Amino acid sequence: MYISKSFIPILKNNPSEAKIKSHQLMLRVGMIKQSSAGIYSWLPLGFKVMKKIENIVREEQNRIGVQEILMPTIQSSEIWKESGRYEDYGEEMLRIKDRQDREMLYGPTNEELVTDIFRSSIKSYKSLPQLLYHIQWKFRDEIRPRFGIMRCREFYMKDAYSFDISDEEALFSYNKFFLSYLKTFKRLDLVAIPMAADTGPIGGNLSHEFIILAETGESKIFTDKRIFDLNTDDAKLEKKSLEEMRKKYENYYAVTDEKFNKEEFEKKVSEENRLITKGIEVGHIFYFGDKYSKSMGASVDLPGGKKDFVKMGSYGVGVSRLVGAIIEAKYDEKNEVMKWPISIAPYDISIIPMINKNDNSALDKANNIYLELKKNKIDAIIDDTDENFSSKIKKMNLIGAPYQIIIGKQTEGDLLEFKEVGEESQKLKLNEIIKLLTEQKVKN
Ligand code: ATP
Ligand code: MG
């Protein structure tokens, strides 16, 4: 991409309406534009990052055997009346009437709709488990939308649903998602801690929130620091192994303020391991048994000829919120430097030529490098404008490609000034740079 032709509307200064760094940066580099309270358009830079996050989320869902579907954003009120949530959901639900005067709504979540899809086709235990997900816009009429896309009204979510024959099988499904979430967030270069959570309006009895640490987070968290040393390396997609993995995490105290109990915290966690801080909820999983299947009549034939209601769980990831959460975790606000993890960076590398009047040689060189990178499937952004060098660097530091090639005084022949953002620059040949980036991309 050439900066001169791009749609990346950069602001000179931080917008005053933004209170947290992700919101500031996203407006500053034109990743999003507010269209009304809590509703945003996604501009090229923001959209690109969100799509990359979406893809990682998708790959990790597919890996545990969840099947992708796409349900609509607009739902009929009928199914919500069946489950009893039409009244319960309250003012957060955006209710709409169509021209026939039928009550419709913009889906805030999809338990009812997916249960309706399930019950119309699946009749036997032999077809279980069924694991389904979609990635779709949701609408919740939040009372106080704030922090940009972190708490907005229209947002993009991956939501998955599991249907099983028994509690035991349902917990196996639950644990698959537990593992899948830890792997997903790790690929996004985030450390997310699973925390025992309240189940809220979704209901049920087992639930974990996945929280990343951030001072600007809305959840107060209380945890045992040792939980950060855990990993999922030896977990296999088998019942016993997954159960052990979840137990390993649950061994350490980790809750949000909703579930906090001072006495228990102080008893279970020694003083030097206590951590009280704030975090952002990026995912949430629930097991709620037959809450919806019973009220909506979703049952299957059992081996002996009897019927029973299926046991369900639901599993959400805030795909659009993750864009902001990653900025909260990675943006160095003081120095105004963003470094996206390569797996989701809007561009792999930026090319910054120092262009002198009446001399196109730096730009020509930059252009050739750009084309060569492109041939090797490396997505570069090149600043071909005639702005001064320091504002070019400033701009690229905000856009946040993790690597830079600077073409200026230091460039001698084949050796290019190459820099990983935040590190010292080094002299490398173009083919060495291509090799390094290709390796990084494969790894992620
Ligand atoms: P919160 O506690 O933050 O209000 P929630 O518990 O209501 O979220 P869930 O129903 O668990 O949300 O939704 C799954 C995920 O969707 C959340 O973990 C979060 O990442 C994301 N999400 C929920 N509400 C919003 C919102 N208003 N704006 C952006 N993302 C959201
Ligand atoms: Mg939640």
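Just follow the structure's listing: the first ligand is 1, and inside any ligand the first atom is 1. Every value quoted in this text rests on a predicted model; they were computed, and no experiment measured them.
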Quiz item: Is the cationic atom of Lys268 (NZ for Lys, CZ for Arg) positioned less than 6.0 Å from the six-membered ring centroid of Phe265 and within 45 degrees of its normal?
Solution: no
Is it the case that ligand 1 has an N or O less than 3.5 angstrom from some N or O of [X]?
X      : value
Glu209 : no
Cys152 : yes
Glu142 : yes

Quiz item: Are Lys291 and Glu111 within salt-bridge range, i.e. N to O under 4.0 Å?
Solution: no
Quiz prompt | Lys435 with Glu439: basic N within carboxylate O range, under 4.0 Å | solution = yes
Quiz item: Can Val282 be said to touch ligand 1, with heavy atoms closer than 4.0 Å?
Solution: yes
Quiz item: Would you call Met150 a ligand 1 contact, heavy-atom distance under 4.0 Å?
Solution: yes
Exercise. Indicate, as side chain, backbone, both or neither, the part of Arg151 found under 4.0 angstrom from ligand 1 when only non-hydrogen atoms are considered.
Key: both
Quiz prompt | Mode of Ile149 contact toward ligand 1 - side chain, backbone, both, neither (heavy atoms, under 4.0 Å) | solution = backbone
Quiz item: Strictly under 6.0 Å, is that where the ring centroids of His284 and Phe210 end up?
Solution: no
Practice problem: Determine, using ring centers only, whether Trp80 and Tyr89 are less than 6.0 Å apart. | Solution: yes
Self-check item: pair Tyr370-Ile381: side-chain heavy atoms closer than 4.5 Å
Solution: no
Practice problem: Look at atom 13 (O) of ligand 1 and find which of Glu258, Arg153, Met157, His284 reaches it with the closest heavy atom. | Solution: Met157
